[in-house]
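The block underneath contains the structure these notes are about, expressed in structure tokens.
Each ligand, and each atom within it, is numbered from 1 in the order the structure gives.
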Amino acid sequence: MKILSIIGARPQFIKASVVSKAFAQSESIDELVLHTGQHFDENMSDVFFNQLGIPRPDFQLDIHGGSHGEMTGRMLIEIERIIHEHRPDRVLVYGDTNSTLAGALAAVKLHVPVAHVEAGLRSFNMRMPEEVNRILTDQVSDFLFCPTAAAVHNLESEGFSSKPVKVLNVGDVMQDSALLFSEFAQAPEGVQKKRDFVLATLHRAENTDDRDRLSSIVDALNKVHRTVAEVILPLHPRTRAALAREGLSLDVCVTDPVGYFEMLWLLKHSGLVLTDSGGVQKEAFFFGKPCVTMRDETEWVELVEAGVNTLVGADSDAITTHVKTNFLRSIKDEDSLYGGGQASRNIVRHLLGSR
Ligand code: UDP
């Protein structure tokens, strides 16, 4: 079976690292990897290929920047050409980026079955570009590989049970990566001796592209750093640009984006995770850390229901208060919410079972 995997953004490299390994272990699967170029530099792309042993892409596009429409449109043209030429049996896409949507759309129009890893997640906020991408991708997918029971439930509510497609709770591939690579955790340069800090990440457009929200979050980060614990923030390029544009300054320990092994070390040694990332909310949980999420809603509702993740939006006082209350609290995965590290294996099994 020839599978064309489409990746392009940081979280997709991390997800693909385990799925591509599972493909490589199967004699019946021949994987081709296409990198759209959505994330492209050393910090946001190369480091993950080097650390995680992801196969070098067979096709490397160089598409980044521009508006959503422009980026997605350019990807669509190139991906269509490659599918036409190489005729894969399945196209596999991850998550909710423009690369996901472009890959799914190109494939379905050429009648190539689409497999969507991380299907069924919903924030119910259509102003998020990610929500639009994931809903449209689910609509044209044949294999909807859901990471959680809540994701399956979302698809059932949208009527997927009566469609001739496969909706499967396979577990979360990010738990596979966290388990597989945990032993390689390594301290980022300059922070070896630290522990019990607040690990922060910030990059959602709803926060970076809204001056009021961004300024309130910056205020909270500075306050937490002054009054609760040191804040370490590997800064996303989008956020760096937004801070410069708005003339806002952070008074915390800011680093460039770090590699995955460094991120695993930071997760393990932190006393709390403060984030607006999707993936990092779960990684906090995998490493037994409380999480405070700077968003108004989350796709990972089971963490909020389990009382290990608190949604605080962008309100400065709420962020500071909840960080204070939860700092160093211990968290346990009582119910194996994310499948326990079997997701990639399940994906391979279901894809091969479908021949
Ligand atoms: N990550 C990383 N280095 C960083 C920040 C994040 O390796 O400096 C990893 C993080 O551990 C997680 C993934 O990138 O595995 C999450 O990506 P991101 O937050 O960019 O995207 P989201 O999950 O919100 O789509």
Quick one, Met263 and Leu199 - any side-chain contact, counting heavy atoms below 4.5 Å? yes
In chain order, what residues pass the side chain to side chain contact (heavy atoms under 4.5 Å, CB included) check against Pro57, with sequence neighbours excluded? Val33, His35, Phe49, Gln60
Test side-chain contact (heavy atoms from CB on, under 4.5 Å) on Lys332 and Val308; report intermediate values, then the result. CA-CA 9 Å; Lys332 281 203 178 62; Val308 299; over 6 Å; no
Quick one: hydrophobic cluster around Phe160, which other residues, with the 4.5 Å side-chain cut-off, linked directly or via members? Leu144, Val152, Leu155, Val165, Val167
Excluding sequence neighbours, so at least two apart, what forms side chain to side chain contact (heavy atoms under 4.5 Å, CB included) with His236? Arg10, His39, Met44, His203, Arg238, Thr239
Pocket residues around ligand 1 (non-hydrogen, under 4.0 Å) come out as Arg10, Pro11, Ile14, Phe48, Met174, His203, Arg204, Pro234, Pro257, Val258, Gly259, Tyr260, Met263, Ser277, Gly278, Gly279, Val280, Glu283
Is any side-chain heavy atom of Asp296 less than 4.5 Å from a side-chain heavy atom of Leu311? no
